[in-house]
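Predicted model, so just to flag it, every value in this text is computed and none were measured. Atoms within a ligand are numbered from 1 in the order they appear, just like the ligands themselves.
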Amino acid sequence: MSGYHVAVLGATGAVGTKMLEMLEEATFPIASVKLLASKRSAGKVLSFKGQDIVIEETIPDSFVGVDIALFSAGGSISKEFAPEAVKRGAVVIDNTSAYRMDVDVPLVVPEVNEAALHTHQGIIANPNCSTIQMMVALEPVRKKYGLSRIIVSTYQAVSGAGISAINELKEQAQQMLNDEPVEAHILPAGGDKKHFPIAFNALPQIDVFSDAGYTYEEWKMMNETKKIMEDETIKVAATCVRIPVVSGHSESVYFEVKDNSATVFGIKHELEHAPGVILQDDPESQLYPTALTSVGKKETFVGRLRKDLDEELGFHMWVVSDNLLKGAAWNSVEIAESLHKLDLVRVPK
Ligand code: A2P
């Protein structure tokens, strides 16, 4: 059979299993799929298009004969295996933060900066889930009216922290309902000293703290936005919050445009015609997207668009997307589709 040989590293994870589902729906030709995970999962079986595929332990030679490798097994695994995969001729689409800010690595949301793929040297980075949906919703505004400032607050689902975080939410919810003591082991950040319950709670920390009082997740949103929009002058501030939702990230986005001819009507017009956006905005009939609206969908949903009452160039909107799909698995598979379309599935010599 002709087509690409595709590997998924992290195939058993929250994102990896969705990558497999998205590959089933992909339009580029696939000759074979290889599933990779840790030694723990080797020998287990997952199904792709009705065929059983045995999961293999990841070793450097796993990538011999692979054309496209989708990585989602954590940053340290990407650091270890991405160079090995590229050495063996595979183009890596990495869903971790390991390479996102490398100058040689394009950071791509196909609706926004597909052309950046032309510069790839073997590794392409998939942006942070919260950044992706914000870019899809803001790029049509930026193109028409320019953007000078973004202030975003996120309401992020636990699946962004992996399967173990989903299990923690479910177990804690059950413990709360049973009036039992609640145990917290993972959130807000697996690598941090303290853990707090996520069930019936809201945690203003995603990932560990970094410079200037911002968390890494917040830094990711701020830095990645400037890289994807190729504009260091956009002012960006983020506050990232984890809430007890399984899937679907929501964001309250305040933005300031450069062009004072911008109106709510005009911005809605741009969003209605923007790739990957579904506008659901009618307060009269209580039409707006919720986290559940987005689950299982590839698009980014926008609602509650309104003008700021004090700032002439300021607007607010509510942006929702399935963090495992557009925020991760679908964006990665979409990058593979773009690579195929642009004839870029090859590692430059
Ligand atoms: P495994 O299930 O074998 O541990 P999540 O983000 O949902 O926690 O998933 C993490 C993914 O990363 C899983 O597929 C997991 O596989 C994979 N993974 C973890 N450690 C390794 C490793 N050392 N080598 C390869 N894959 C790994």
Side-chain angles (χ1 to χ4, degrees), residues 6-23 33-48 52-64 66 68-88 90 92-100 123 125-130 132 156-172 184-192 195 198 206-208 216-217 220 242 245-249 295 322-333:
V6 179
V8 177
L9 169 52
T12 53
V15 172
T17 49
K18 295 291 174 190
M19 283 173 161
L20 200 55
E21 276 176 36
M22 292 298 103
L23 283 171
V33 170
K34 179 180 255 194
L35 301 181
L36 302 169
S38 76
K39 203 175 182 170
R40 296 178 288 277
S41 304
K44 289 183 189 162
V45 171
L46 285 172
S47 154
F48 178 73
D52 283 351
I53 302 180
V54 179
I55 298 168
E56 299 169 39
E57 180 187 355
T58 313
I59 56 169
D61 276 343
S62 302
F63 301 97
V64 173
V66 169
I68 300 173
L70 306 178
F71 276 38
S72 196
S76 58
I77 305 294
S78 290
K79 282 273 182 207
E80 184 180 348
F81 289 107
E84 300 294 342
V86 173
K87 231 188 272 172
R88 288 164 177 80
V92 172
I93 301 169
D94 182 30
N95 187 53
T96 76
S97 61
Y99 295 98
R100 285 182 191 148
I123 301 176
N126 194 72
N128 169 268
C129 43
S130 297
I132 293 177
Q156 294 183 223
V158 295
S159 56
I163 285 176
S164 50
I166 302 175
N167 292 337
E168 177 160 276
L169 168 60
K170 290 180 178 170
E171 280 159 23
Q172 289 175 353
H185 302 291
I186 296 163
L187 295 170
D192 218 337
H195 301 291
I198 182 65
I206 298 183
D207 210 333
V208 294
Y216 267 112
E217 186 82 352
K220 285 176 214 166
R242 189 79 71 188
V245 155
V246 173
S247 278
H249 284 357
V295 175
D322 187 328
N323 55 298
L324 296 180
L325 296 189
K326 185 57 188 165
W330 172 237
N331 199 64
S332 294
V333 171

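Among N323, I166, V295, L324, the single residue meeting the side-chain contact (heavy atoms from CB on, under 4.5 Å) criterion with V246 is I166.
Interface atoms of ligand 1 facing G162, defined by a heavy-atom separation under 4.0 Å, are 5 (P), 6 (O), 7 (O). Atoms of ligand 1 lying under 4.0 Å from any heavy atom of A11, numbered from 1 in the order shown and given with element: 14 (O). Of all the atoms in ligand 1, the ones that sit under 4.0 Å from a non-hydrogen atom of R40 are 4 (O), 19 (C), 20 (N).
Heavy atoms of other residues, nucleotides or ligands lying less than 6.0 angstrom from NZ of K79 number more than 12. Remark: K326 NZ is packed, more than 12 non-hydrogen atoms of other residues, nucleotides or ligands lying under 6.0 Å away.
Residues S130 and Q156 bring a donor and an acceptor atom of their side chains to less than 3.5 Å of each other.
Using a distance-only test at 3.5 Å, with no hydrogens or angles considered, no donor-acceptor pair links the side chain of E217 to the main chain of I206. Between the side chain of E84 and the backbone N or O of F63 there is no donor-acceptor pair closer than 3.5 Å. Proximity of a side-chain donor or acceptor of R88 to a complementary backbone N or O of P60 within less than 3.5 Å is detected. Of the possible donor and acceptor atoms, one in the side chain of R100 sits under 3.5 Å from a partner among the backbone N and O of N95.
Contact between S164 and ligand 1 is absent, with no heavy atom of the residue lying under 4.0 Å from the ligand.
The nearest protein atom to atom 21 (C) of ligand 1, hydrogens excluded, is given as S38 CB, 3.6 Å; this is a heavy-atom distance. Looking at atom 17 (C) of ligand 1, its nearest protein heavy atom turns out to be A73 CB, 3.8 Å. Remark: minimum distance from atom 7 (O) of ligand 1 to any protein heavy atom is reached at A14 N, 2.8 Å.
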**Asked** Could you go step by step and tell me if K220 and D207 meet the salt bridge (charged side-chain N to carboxylate O under 4.0 Å, His left out) rule?
**Response** CA-CA 10 Å; K220 285 176 214 166; D207 210 333; 3.1 Å; yes

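For ligand 1, the polar-atom distance check finds an N/O of G13 within less than 3.5 Å of one of the ligand's N/O atoms. For ligand 1, the polar-atom distance check against I163 finds a nitrogen or oxygen pair separated by under 3.5 Å. Looking at F81 next to ligand 1, no N or O pair under 3.5 Å apart turns up. The shortest N/O to N/O separation between S41 and ligand 1 falls below 3.5 Å.
Proximity of I77 to ligand 1, defined as any heavy-atom pair under 4.0 Å, is confined to the side chain (atoms from C-beta onward).
Closest heavy-atom approach to atom 13 (C) of ligand 1 among the candidates I59, T12, L9: T12.
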